[in-house]
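A short worksheet on the structure shown next.
In the text below, chain A, chain B and the rest are named by the order of the sequence lines, each starting its count at 1. Since the model is a prediction, treat every value here as computed from it, not as a measurement.
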Amino acid sequence: EPEVTQTPSHQVTQMGQEVILRCVPISNHLYFYWYRQILGQKVEFLVSFYNNEISEKSEIFDDQFSVERPDGSNFTLKIRSTKLEDSAMYFCASTQGTFYEQYFGPGTRLTVT
Amino acid sequence: QKEVEQNSGPLSVPEGAIASLNCTYSDRGSQSFFWYRQYSGKSPELIMFIYSNGDKEDGRFTAQLNKASQYVSLLIRDSQPSDSATYLCAVNLNTGFQKLVFGTGTRLLVSP
């Protein structure tokens, strides 16, 4: 069964450093997303990506964040200068469209020290 | 503010019982509705999704949608201890790009 994959599973970084989180969405899906979940809190939308451009972003997704689809399979989230409050689980998700399932990857636990 | 509301629980049921989980949403334009199961430290795992009024059944799970009343529910029949997890309700807003808005989740505890 197709699945969303993410690497790394855990990333530890120092405040101010850049991190890149990687995702491989399901191959025939058209919409890609990043969500995050701070420990003990709900899952929050960060950004959606369709047709090789950002289609929607939340208030959380400021200038420190960027996304890219560098090739036909990978989808990345970059945080340029990490802050302590960026520590969270980051989930990638993908779907074919409105009336289709949206599947989540296993997540990357980002710890900023 | 588009919101999704769930009772945080915990909801405790004995093994073999029916667990009933509820969710309300504020945006009448919402188009599709998802139930995810999340074990501690893991990612959301899709259980059911529904977009038409009425019931949708898949094995031990039944999702119910009432758009007029703006609620969606999940019934789990013959609950098992392995069903103990947090159940997340998520709503696909009518924005055109399918982003999901999540509730805080209901913690379900199934006792043997």
Side-chain angles (χ1 to χ4, degrees), chain A residues 1-7 9-10 21 23 25-26 29-61 67 88-109 111, chain B residues 1-10 23-27 29-54 56 58 61 63 65 67 85-107:
Chain A
E1 184 173 312
E3 59 182 16
V4 178
T5 60
Q6 289 185 244
T7 54
S9 57
H10 191 189
L21 310 183
C23 167
I26 295 172
H29 284 188
L30 303 175
Y31 299 82
F32 315 121
Y33 309 87
W34 286 99
Y35 295 84
R36 81 172 185 189
Q37 187 176 31
I38 295 171
L39 186 63
Q41 298 186 22
K42 63 182 177 181
V43 177
E44 301 174 286
F45 167 79
L46 291 178
V47 65
S48 60
F49 194 85
Y50 171 73
N51 200 25
N52 283 319
E53 61 182 19
I54 290 175
S55 48
E56 190 171 358
K57 58 185 180 180
S58 71
E59 292 177 353
I60 303 168
F61 195 90
V67 291
M89 283 287 285
Y90 288 80
F91 299 113
C92 175
S94 68
T95 183
Q96 289 179 273
T98 303
F99 300 110
Y100 294 87
E101 299 91 338
Q102 186 167 138
Y103 292 104
F104 280 67
T108 293
R109 180 177 299 281
T111 302
Chain B
Q1 183 80 4
K2 313 298 185 192
E3 294 199 354
V4 177
E5 301 286 343
Q6 294 182 259
N7 188 319
S8 60
C23 171
T24 59
Y25 59 94
S26 61
D27 183 10
S30 300
Q31 296 185 316
S32 51
F33 308 85
F34 298 75
W35 283 101
Y36 290 88
R37 177 172 63 195
Q38 187 175 36
Y39 294 109
S40 182
K42 301 296 185 182
S43 70
E45 174 193 359
L46 183 65
I47 300 296
M48 297 280 293
F49 91 105
I50 187 169
Y51 53 83
S52 299
N53 272 329
K56 180 181 179 182
D58 184 1
F61 300 96
L65 174 61
K67 289 186 177 180
T86 298
Y87 288 79
L88 308 178
C89 174
V91 174
N92 180 344
L93 302 183
N94 188 24
T95 63
F97 297 110
Q98 281 64 262
K99 81 172 189 186
L100 297 183
V101 176
F102 281 80
T104 53
T106 298
R107 188 169 167 225

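Within the 4.5 Å cutoff, no side-chain heavy atoms of A/Tyr100 are placed close to those of A/Leu30. No side-chain heavy atom of A/Leu21 sits under 4.5 Å from any side-chain heavy atom of A/Gln6. Residues B/Tyr25 and B/Cys89 fail the side-chain proximity criterion, which asks for heavy atoms closer than 4.5 Å.
Proximity to chain B (any heavy atom under 4.5 Å) is restricted, for A/Tyr35, to the side chain, taken from C-beta onward. In this structure, the portion of B/Leu46 lying under 4.5 Å from any heavy atom of chain A is its side chain and not its backbone. Both the backbone and the side chain of B/Thr104 come within contact range of chain A, with heavy atoms under 4.5 Å apart. Contact of B/Ile50 with chain A is not made at all, since no heavy-atom distance falls under 4.5 Å. Residue contact with chain B, scored on non-hydrogen atoms closer than 4.5 Å, involves the backbone and the side chain of A/Ser55 alike.
Screening residues 30-39 of chain B for salt bridge (charged side-chain N to carboxylate O under 4.0 Å, His left out), with sequence neighbours left out, gives B/Arg37-B/Glu45, B/Arg37-B/Asp83. Among residues at least two apart or in separate chains, there is no salt bridge (charged side-chain N to carboxylate O under 4.0 Å, His left out) pair with a member in residues 91-104 of chain A.
A cation-pi arrangement is absent between B/Lys42 and A/Phe104 under the rule of less than 6.0 angstrom and at most 45 degrees off the ring axis.
Scanning for ring-ring contact (aromatic ring centres under 6.0 Å, His included) contacts around A/Tyr90 gives an empty result, with sequence neighbours left out.
Residue-level contacts of residues 36-46 of chain A with chain B, in order of numbering, are A/Gln37, A/Lys42, A/Val43, A/Phe45; threshold 4.5 Å between heavy atoms.
Using a 30° and 60° split on the angle between ring planes, A/Tyr31 and A/Tyr33 fall in the parallel class, below 30°.
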